[in-house]
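Note sheet for the following structure.
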Amino acid sequence: MNILFLNGPNLNLLGQRQPEIYGDTTLADIESTVREYAGDKAQIDFRQTNDEGELVTWIQEASEQADVIVINAAAYTHTSVALRDAIAASDVPAIEIHISNIHAREEFRHNSLIAPVCQGQISGFGQISYLLGFDAALSLKKCR
Ligand code: DQA
């Protein structure tokens with residue numbers, strides 16, 4: 001079982017970026033927590049980029065490498081038709097996650113362009129969203 005975690009723009013700044021919204025945990029801390037939580041249940045590939053095209057390429061390449069994608073597309077969630085098309089074109093199921101509750105924030109964050117092509121959305125649990133994403137990925141694979 002291989003789970004690919006993809007992280008979009010500005011998530012490299014977690015820990016210093018708006019801690020009142022995103023907490024004070026760094027992305028490296030989150031990655032460690034996910035790896036510890038996963039144990040030997042799954043192989044974890046954990047990546048971050050600020051580049052929309054790189055995310056698209058990683059999604060295109062995922063069918064060779066991953067059983068499930070867990071994606072925090074960050075701001076591209078709300079803007080990227082390219083990302084949505086890449087997920088729609090992929091045979092790898094994707095689970096959308098967010099640290100903050102995007103539905104409780106500014107109106108422009110309420111709409112996710114990728115939600116309709118993902119299996120489902122996890123939003124608002126802080127860094128636990130990543131662990132819930134992992135659980136969802138594992139269950140998805142088992143129940144398919
Ligand atoms: C985010 C929510 C997005 O609206 C925002 O642009 C982010 C992070 C989250 O994890 O809460 O960068 O995806």
Side-chain angles (χ1 to χ4, degrees), residues 1-39 41-63 65-141 143:
M1 172 77 175
N2 294 296
I3 304 178
L4 176 60
F5 279 81
L6 297 182
N7 292 282
N10 300 306
L11 294 173
N12 55 314
L13 299 178
L14 285 178
Q16 38 172 333
R17 172 193 184 203
Q18 295 178 283
E20 68 285 3
I21 296 174
Y22 299 114
D24 49 19
T25 312
T26 66
L27 193 61
D29 292 336
I30 292 176
E31 178 178 354
S32 304
T33 305
V34 169
R35 289 191 183 284
E36 197 180 317
Y37 188 72
K41 291 197 204 92
Q43 296 292 317
I44 304 297
D45 186 348
F46 199 97
R47 307 182 195 174
Q48 188 275 332
T49 179
N50 292 324
D51 184 337
E52 184 179 11
E54 192 160 34
L55 278 174
V56 168
T57 301
W58 286 345
I59 293 165
Q60 288 180 2
E61 291 170 352
S63 60
Q65 304 158 359
D67 296 297
V68 184
I69 297 169
V70 177
I71 181 165
N72 185 349
Y76 293 143
T77 304
H78 318 294
T79 62
S80 179
V81 176
L83 216 51
R84 178 195 175 118
D85 286 351
I87 294 169
S90 176
D91 55 2
V92 182
I95 296 162
E96 175 184 0
I97 65 167
H98 300 284
I99 295 167
S100 63
N101 180 353
I102 58 172
H103 303 287
R105 299 184 61 195
E106 303 96 321
E107 206 169 329
F108 70 87
R109 293 185 205 275
H110 297 181
N111 188 38
S112 164
L113 292 186
I114 66 170
V117 294
C118 286
Q119 295 290 316
Q121 184 188 77
I122 295 163
S123 178
F125 294 91
Q127 60 166 315
I128 295 167
S129 292
Y130 284 79
L131 304 184
L132 296 173
F134 173 84
D135 284 343
L138 217 57
S139 307
L140 200 63
K141 177 73 178 158
C143 299

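Since the model is a prediction, treat every value here as computed from it, not as a measurement. Just so you know, ligand 1 is whichever comes first in the structure, and atom 1 is the first atom listed for that ligand.
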| remark: of all protein heavy atoms, closest to atom 11 (O) of ligand 1 is Ser100 OG, 2.6 Å
| task | Identify the protein heavy atom lying closest to atom 12 (O) of ligand 1, giving its residue, its atom name and the separation to 0.1 Å. | result | Arg17 NH2, 2.9 Å
| said: Tell me whether ligand 1 is touched by Asn10 - counting only heavy atoms on the residue side and a distance under 4.0 Å. | reply: no
| atom 6 (O) of ligand 1: the protein heavy-atom neighbour that sits closest, reported with distance to 0.1 Å | Arg109 NH1, 3.0 Å
| message | In this structure, does ligand 1 have an atom that sits under 4.0 Å from one of the heavy atoms of Thr77? | response | no
| message | Quick one about Glu96 and Thr77 (side-chain donor to acceptor, distance below 3.5 Å, no hydrogens or angles considered), yes or no? | response | no
| request: Could you label the plane-to-plane angle of the His78 and His98 rings as parallel, tilted or perpendicular, counting under 30° as parallel and over 60° as perpendicular? | output: parallel
| request: For atom 4 (O) of ligand 1, grab the closest protein heavy atom and report residue, atom and distance to one decimal in Å. | output: His78 NE2, 2.7 Å
| query | Closest non-hydrogen protein atom to atom 1 (C) of ligand 1, residue and atom name please, with distance? | reply | His98 ND1, 3.7 Å
| message | For the CD atom on Gln65, are there more than 12 heavy atoms of other groups (residues, nucleotides or ligands in this structure) within a distance under 6.0 Å? | response | yes
| note | From the list Leu6, Leu113, Ile59, side-chain contact (heavy atoms from CB on, under 4.5 Å) partner of Leu83 resolves to Ile59
| message | Does any N or O of ligand 1 fall below 3.5 Å from an N or O anywhere on Ala75, backbone included? | response | yes
| Parallel, tilted or perpendicular: rings of Tyr130 and Phe5 (30°, 60°) | parallel
| Any idea which atoms of ligand 1 are less than 4.0 Å away from a heavy-atom of Ile99? | 9 (C), 10 (O), 11 (O)
| field | Asn72, portion touching ligand 1 at heavy-atom distance under 4.0 Å | value | side chain
